[in-house]
Amino acid sequence: MCLGAPAKIESIEGEFAIADFDGIKRKISIQLVPDIKVNDYCLVHAGFAIEKITKEYANEIKGYLKEIFNEK
Amino acid sequence: MKNNVDKENIKKLFDLIYNEAKKLKNKINLMEVCGTHTMAISLYGIRAQLPPNINLISGPGCPVCVTPIQEIDKVIEISEKENVIITTFGDMMRVPGTFSSLEEKRAKGKDVRIVYSPMDALEIAKANPEKKVVFVGIGFETTAPAVAMALKTALKQKIQNFFILSFFKIIIPPMIALVNDKNLKLDGFICPGHVSAITGAKIYEPIAIKYKMACVVTGFEEADVLTGIYMLLRQIISRKPAVEIQYKRVVTYDGNKIAQKILKEVFKTKDSVWRGIGLIPESGLSLSKKYERFDAEKIFTVNTNYSKEPKGCKCGEVLKGAVKPFDCPLFKTKCTPENPVGACMVSSEGTCAAYYKYEVN
Ligand code: SF4
């Protein structure tokens, strides 16, 4: 449950941002990482960005998330 | 999918671990605290591929699993009240209470809604001013700051019909309780990755220094976990327990200070009951004075004296690492992911669910 999903920040409006989760766009809060900018990558947990990450790492995570939780 | 370079690297890591493990005098016990680590370790088959003198034990890191049945029953009771909307993360829906689950209540017409974020629950409260909207607050330090921020917003916007059940737990007190458990004989911890993103790796210092446990904050890929295990081995063999971060791509020593600040403002620590482990002092979070009025337990009186763990379920023992799921007579017979008896089989990161999917006895 403590897992963070990687997302790319598309646009920012005040304390919120539109984040792209591999094609799915969602409104998230950026209150916990207020210095985040458009085009940055972050880990998102429970609708909140919790940490900035690099683009390379965001791509790595997508792989293991799929493996850990989707492989039947 | 792994390419050849990845496969080479994994092989190299196993070689390193095997070489290092030869230097061990006794068998060692390492605990992975986080449920996602349990899932990853089972998926990659790491447990079975390690040298026989390294034992990996799954710990109490699945929030749904460690929530005691009284608290599950409490949510179910509140869902029965008039004019209430229960909002929760999806993980809680199928967890069996003594007589029912939230999923069953929803099927019977109770207003139970799955939300992705506590902010969504707050929006539901705003859209339904005539209802009391209760958010089920389970999780560790990773999740609590999000709920704290939602409450801060609710206070600022003077929202009167939003409440939370604060079942949040913090990770260090049970780790210390398990270190002190003479039956377990732990040597080190694979420390959780995303809890540590919030708290920083510094929270493990007392465990390394006072309790002399090796601690490595580890990521979730196969290579991460193996590197973490190798780093733990080196600490144990050199008898220099310390806090190291393998997962530097996300975790720092100090963590997310903004999240730590909001946690302090909104919550205070309280004694809390962990399924299997029992009451651990100062291991849970309740609302601070300033936020007290959002406390659902102060609004609804419910009696859960009847609460009883499911008969025959060894979830509690599994959660403190005392037994493996294979040791439960109901495992794979009466208890399956489709028909779970205990919480450890329901949650996608529960130890029994991980073993059911991937491990062979
Ligand atoms: S297999 Fe089922 S009944 Fe047995 S301990 Fe796990 S959750 Fe409980």
Side-chain angles (χ1 to χ4, degrees), chain A residues 1-37 40-72, chain B residues 1-2 34-37 39-40 42-44 61-65 89 91-92 115-121 138-150 152-153 171 192-198 219-222 224 249-252 255-259 262 347-349 354 357-358:
Chain A
M1 220 192 99
C2 293
L3 210 60
K8 184 182 176 190
I9 303 291
E10 296 253 300
S11 61
I12 293 179
E13 216 187 307
E15 293 175 329
F16 294 93
I18 299 298
D20 179 348
F21 297 79
D22 218 6
I24 300 165
K25 310 221 177 201
R26 262 193 171 142
K27 188 176 167 188
I28 62 164
S29 162
I30 53 167
Q31 285 155 296
L32 298 174
V33 193
D35 59 348
I36 203 154
K37 298 190 181 62
D40 279 350
Y41 287 78
C42 59
L43 278 184
V44 180
H45 174 80
F48 282 74
I50 57 166
E51 204 52 81
K52 269 197 266 187
I53 54 173
T54 62
K55 178 181 177 182
E56 292 70 35
Y57 183 51
N59 287 330
E60 269 176 51
I61 309 178
K62 278 180 215 152
Y64 80 67
L65 278 183
K66 272 195 197 108
E67 273 192 78
I68 297 180
F69 290 106
N70 294 346
E71 208 168 78
K72 286 274 168 295
Chain B
M1 279 301 107
K2 289 195 174 54
C34 163
T36 309
H37 278 141
M39 217 54 198
S42 289
L43 164 72
Y44 302 128
C62 156
V64 173
C65 309
F89 295 129
D91 312 46
M92 282 295 273
V115 291
Y116 158 75
S117 162
M119 284 303 209
D120 299 342
I138 63 156
F140 298 124
E141 286 98 327
T142 331
T143 316
V147 177
M149 273 297 182
K152 196 177 165 130
T153 311
I171 206 72
H194 293 152
V195 163
S196 312
I198 299 289
F220 298 97
E221 286 179 75
E222 188 173 11
D224 287 332
R249 287 159 295 175
V250 174
V251 176
T252 59
N256 183 326
K257 293 213 165 117
I258 296 172
I262 184 83
S347 170
S348 59
E349 47 190 68
K357 259 173 129 175
Y358 304 116

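In what follows, chains are A, B, ... by sequence order, proteins preceding strands, each numbered from 1.
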Value rounded to 0.5 Å, distance of OG1 in Thr142(B) from CZ in Phe48(A) | 13.5 Å

Quick one: does Gln31(A)'s side chain get under 4.5 Å of Met119(B)'s, heavy atoms only?
-> yes

Asn256(B) side-chain N/O to Ile50(A) backbone N/O, donor-acceptor pair under 3.5 Å | yes

Top of Ser42(B), Pro118(B), Ser117(B) for chain A proximity - count of heavy-atom pairs under 4.5 angstrom | Ser117(B)

Minimum heavy-atom distance Thr143(B)-Ala46(A), with the two atoms named | CG2-CB, 4.5 Å

Given a strict heavy-atom distance threshold of 4.5 Å, which part of Leu43(A) is in contact with chain B: side chain, backbone, both, or neither?
-> side chain

Contacting moiety of Glu56(A), where chain B heavy atoms sit under 4.5 Å | neither

Just jot down the side chain to side chain contact (heavy atoms under 4.5 Å, CB included) partners of Lys52(A), sequence neighbours excluded, or say none.
-> Val33(A), Asp35(A), Ile36(A), Asp40(A)

Could you tell me the separation between the OH atom of Tyr116(B) and the NZ atom of Lys27(A), rounded to the nearest 0.5 Å?
-> 13.0 Å

Please round to the nearest 0.5 Å and tell me the distance separating atom CZ of Arg249(B) and atom OG1 of Thr54(A).
-> 8.5 Å

Can you name the residues that form a side chain to side chain contact (heavy atoms under 4.5 Å, CB included) with Ala7(A), not counting sequence neighbours?
-> Ala19(A), Phe21(A), Val44(A)

What part of Thr153(B) gets closer than 4.5 Å to chain A, counting heavy atoms only: side chain, backbone, both or neither?
-> side chain

Sort out for me which of Arg26(A), Glu51(A), Glu15(A) touches chain B most, counting heavy-atom pairs under 4.5 Å.
-> Arg26(A)

Heavy-atom closest pair, residues Pro145(B) and Leu32(A) | CB-CD1, 3.9 Å

